[in-house]
Amino acid sequence: MTAWADHGPLPDVVGRAVEHEQVAGLLDGAGPITLTGPAGVGKSVLARAVLEEHIGWHDGTVLRVGCWDGLTAEQLTAALVAAAGLTGHRTPESLAAHCRAHRALVLLDDCDPLLDACARLVRLLQRADPELRIMATARRPLGLSGERVVALAPLPVTFGEGIAGPAVELLAAHTGPAAPELLVSVCRALEGSPLAIGLAARQLDRMSLARLARQLDAHGPLHCSGPAPTRRHTSLHAAHAAGYALCSPLDQQVWARLSVLPGDFDPWLAGCVCTSSDVPAAAVDGALERLRTASVLECVRDAQSARDTGVTLPPRYRLPRGARDFGSTRLRAAGEENGALRRFRQACAALAAEAQVTWQGTGQQLAVRLVEDEQHHLDAALTRPPLDAEDALSALEIAVSLWFRWAACGFRHEGRAHLDRLLLLAPEDTALRARALWLAGHLAAQENAPGAAEPLLDEAWAAAVMHADSDGLARIAHTHGVLALYREDAATAVACLEEAARHTSRDPWFGPGPAHSRALLAIALAPHDAERATEAAHRAWRSRHSDGDFWLYSTVLYARALIARDHGEPAAALRACRKALAAKKLIGDPLFIAGARTMLAGLRRQVRTGTPVRDPGAELRWWLRTGPGTRPRPFSSRLRAEP
């Protein structure tokens, strides 16, 4: 008997060898098998491939019931009776006896709209014959005792070292010879979904692969459509709409609102975005779990305890692009997009503020990890066009709170780009704008761009005076000291940094502060006055906020290395430089790391050969990219790596 007359020939099953073997092995045991996974992942195709192979080897038949074919719960048993070629009313016992006599396997395909009815039927059949082989496909498990669940994930696009994965292989089977980079680009945009890949391939009779890649990048996979055995498989939009219709109204709202989150997220961020007068905060966690069980959300990290801190980390979820794009259409249709986007940016402002406090308080590595975990969201909050002036201030607040990311961890160019754009969108004279002006000027100074830095610092100085912001004036003096170091104007650098170091900060959470001014002061004094430089370095470390201030620690150690090297102690300089490099690697900043490595190499030669450095002042400092007699070159400011 065939169960596939309405489905046509079996398509090639690509990239499922492991799952195929796993499911085939489970058929030798007792208990129902359920293949689960998101819309379009290929559950029915794999089930059919395994069962056809099984009856080919062992003879027998397959009794298939398509649960999404207009059946009601009351008609389910009758449909199985008809698939078996029987008539009249049949009990589960008689059905089980028939299956045993004809060596039949039962397939309940696409159980989602009749999930409870399918679970009841399977329970009755198993009670009548515990050895009966039953397979089901659904987006969620049936929830039965003894159920063996095999979860299918989208196909991998690439493996390590850039090796093409099965998603690319599946697309290439439709396209024939094609540029590998285009195949990978298309499959990444489709996130390895077999249904989406098949639908996208059907567009190639009217457009080139390069054009398809561009359209998918701009519009996502929902616009691709084509003929299919079932209506919900004619497009990814239809597939998600079918699943969306099965969700409760609350879960539908949560799904739609989660679409504003571009990356993986934890329950706290989901709660911030989804909670409103009609969605209670306490209900969001339950909705997340139900959406995960329904294969709408992916769980990218289960709750776990961090080894270094002992703190329990919350789970993290991800809404795949197809589901996210579908949710976005529902959010827009409901007129809720602006509200969700506003809540999203406010939540990101809170995240950035938490990271800022963590950086200056409990631990800089924790702050770096927090920002890296939320990178997609912080980037989106900084770059999405603000809804109004208030929303623009929220975006500017995020950029200012992340000052340590830009200034200390090496993302200077990125930070300048965000600040330059957001300062134009938030022209009102506020204390927040004054901080942003200083930060933009400081980043320009760090990139050795005095022409851009000085006008910003002048504007920041006027704002600081108007707001009576003594902390801001101290930060401006610190930045002028940085500019003087670039000019190799030691006298001005010392004067500016001493002024900044004398100040007692009222806000210890923002900016470098007096301790860092003293550390730079030690660097400025190192070639000329070892005693004063050493005292400045000691005072810098004594005035630290925490022992986990690796930014300050690395700068102080670098100052000590300069002092020792410039005053005839290369071995001590070598030890201090090694420690400075190790400390800085914990938080980043390629410019500092490259400069420390350059000095380290020179010190190693000096210690090994015993030859003193002829002109210590000619050695490149970590903040410089030029030396005497060389042409200035632009900075290599750190950029974010692609995920």
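Here the structure is a predicted model, which means the values were calculated and not measured.
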Ile163 vs Thr158, test: side chain to side chain contact (heavy atoms under 4.5 Å, CB included). Steps then yes/no. CA-CA 5 Å; Ile163 300 172; Thr158 58; over 6 Å; no

Where do Glu337 and Arg332 land on the salt bridge (charged side-chain N to carboxylate O under 4.0 Å, His left out) test, with the steps shown first? CA-CA 5 Å; Glu337 185 176 31; Arg332 200 172 298 116; 3.4 Å; yes

Applying salt bridge (charged side-chain N to carboxylate O under 4.0 Å, His left out), run through Arg257 and Asp278 and close with a yes or a no. CA-CA 12 Å; Arg257 293 176 184 183; Asp278 53 349; 3.3 Å; yes

As a quick check of understanding, evaluate salt bridge (charged side-chain N to carboxylate O under 4.0 Å, His left out) for Arg369 and Glu372, giving each step before the final call. CA-CA 5 Å; Arg369 179 171 181 175; Glu372 288 176 346; over 6 Å; no

Any chance you could lay out the salt bridge (charged side-chain N to carboxylate O under 4.0 Å, His left out) test for Glu374 and Arg316, step after step, and finish with the verdict? CA-CA 11 Å; Glu374 307 299 343; Arg316 291 189 73 86; 3.0 Å; yes

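Remark: Arg301 CZ is packed, more than 12 non-hydrogen atoms of other residues, nucleotides or ligands lying under 6.0 Å away. Within a 6.0 Å radius of CD in Glu21, no more than 12 heavy atoms belonging to other residues, nucleotides or ligands are found.
Between Cys409 and Asp589 the shortest side-chain heavy-atom distance does not fall below 4.5 Å. Side-chain contact check for Phe265 versus Cys272: every heavy-atom pair is 4.5 Å or farther apart. Looking at Leu236 and Cys224, their side chains never come closer than 4.5 Å, going by heavy atoms from C-beta outward. Within the 4.5 Å cutoff, side-chain heavy atoms of Val371 are placed close to those of Phe404. With a 4.5 Å cut-off on side-chain heavy atoms, Val273 and Val260 count as touching. Inter-residue side-chain proximity for Val279 and Leu250 is flagged as met; some heavy-atom pair is nearer than 4.5 Å. Side-chain contact check for Leu269 versus Leu261: some heavy-atom pair is nearer than 4.5 Å. Within the 4.5 Å cutoff, the side chain of Cys247 has heavy atoms near those of the Leu291 side chain.
Remark: side-chain polar atoms of Arg330 are not paired, donor with acceptor, to backbone N or O of Ala256 under 3.5 angstrom. Remark: the backbone N or O of Asp379 is paired with a side-chain donor or acceptor of Thr383 at under 3.5 angstrom. Without hydrogens or angle criteria, Arg324 side chain to Leu319 main chain gives a donor-acceptor distance under 3.5 Å. Looking only at distances, a side-chain donor or acceptor of Arg345 sits under 3.5 Å from a matching main-chain atom of Arg384. Between the side chain of Thr137 and the backbone N or O of Asp110, at least one donor-acceptor pair lies under 3.5 Å. Panel note: side chain Gln75, backbone Thr72; a donor-acceptor pair is recorded below 3.5 Å. For Gln203 (side chain) and Ser225 (main-chain N/O), a donor-acceptor pair under 3.5 Å exists by modelled atom type. A distance-only check finds no donor-acceptor pair linking the side chain of Arg140 to the backbone of Arg292 [under 3.5 Å]. Remark: side-chain polar atoms of Glu147 are paired, donor with acceptor, to backbone N or O of Leu144 under 3.5 angstrom. Side chain of Arg148 to main chain of Gly31: a donor-acceptor pair is present (N/O by atom type, distance under 3.5 Å, no hydrogens or angles).
The minimum heavy-atom distance linking Arg321 with Ala218 is given by the pair NH2-C, 4.3 Å. The shortest heavy-atom contact between Ala83 and Arg64 is CB-O, 3.7 Å. In terms of heavy atoms, Pro141 sits closest to Val149 at CB-CG2, 4.0 Å.
Applying the side chain to side chain contact (heavy atoms under 4.5 Å, CB included) test to Pro320 and every residue at least two apart in sequence or in another chain returns Glu191, Glu298, Arg318, Ala323.
With ring centers used as reference points, Trp406 lies 6.0 Å or more from His413.
Distance CZ/Arg133 to CG/Leu51: 11.0 Å, rounded to 0.5 Å. Separating the SG atom in Cys348 from the NE2 atom in His376 is a distance of 12.5 Å, to the nearest 0.5 Å. Here the CD-NZ distance, from Glu19 to Lys43, works out to 13.0 Å after rounding to the nearest 0.5 Å. With rounding to the nearest 0.5 angstrom, the CD atom of Gln215 is 11.0 Å from the CG atom of Asp217. Within the model, atoms CZ of Arg421 and CZ of Arg416 stand 14.0 Å from one another, a figure rounded to the nearest 0.5 Å. Annotation: the span from Leu419 atom CG to Leu439 atom CG amounts to 5.0 Å, rounded to 0.5 Å.
Phe344 and His377 have perpendicular rings, their planes meeting at more than 60° on a 0 to 90° scale where under 30° would count as parallel.
With respect to Asp109 and Arg48, no salt bridge is recorded, no charged nitrogen being found less than 4.0 Å from a carboxylate O.
For residues 237-260, the pairs satisfying ring pair (Phe, Tyr, Trp, His ring centres under 6.0 Å) are His237-Phe326, Tyr244-Trp255, Tyr244-Phe326, Trp255-Phe326, with sequence neighbours left out. For the ring pair (Phe, Tyr, Trp, His ring centres under 6.0 Å) condition, no pair includes a residue of residues 179-222, sequence neighbours left out.
Side-chain contact annotation: Ser394 with Gln346, donor-acceptor N/O pair under 3.5 Å absent.
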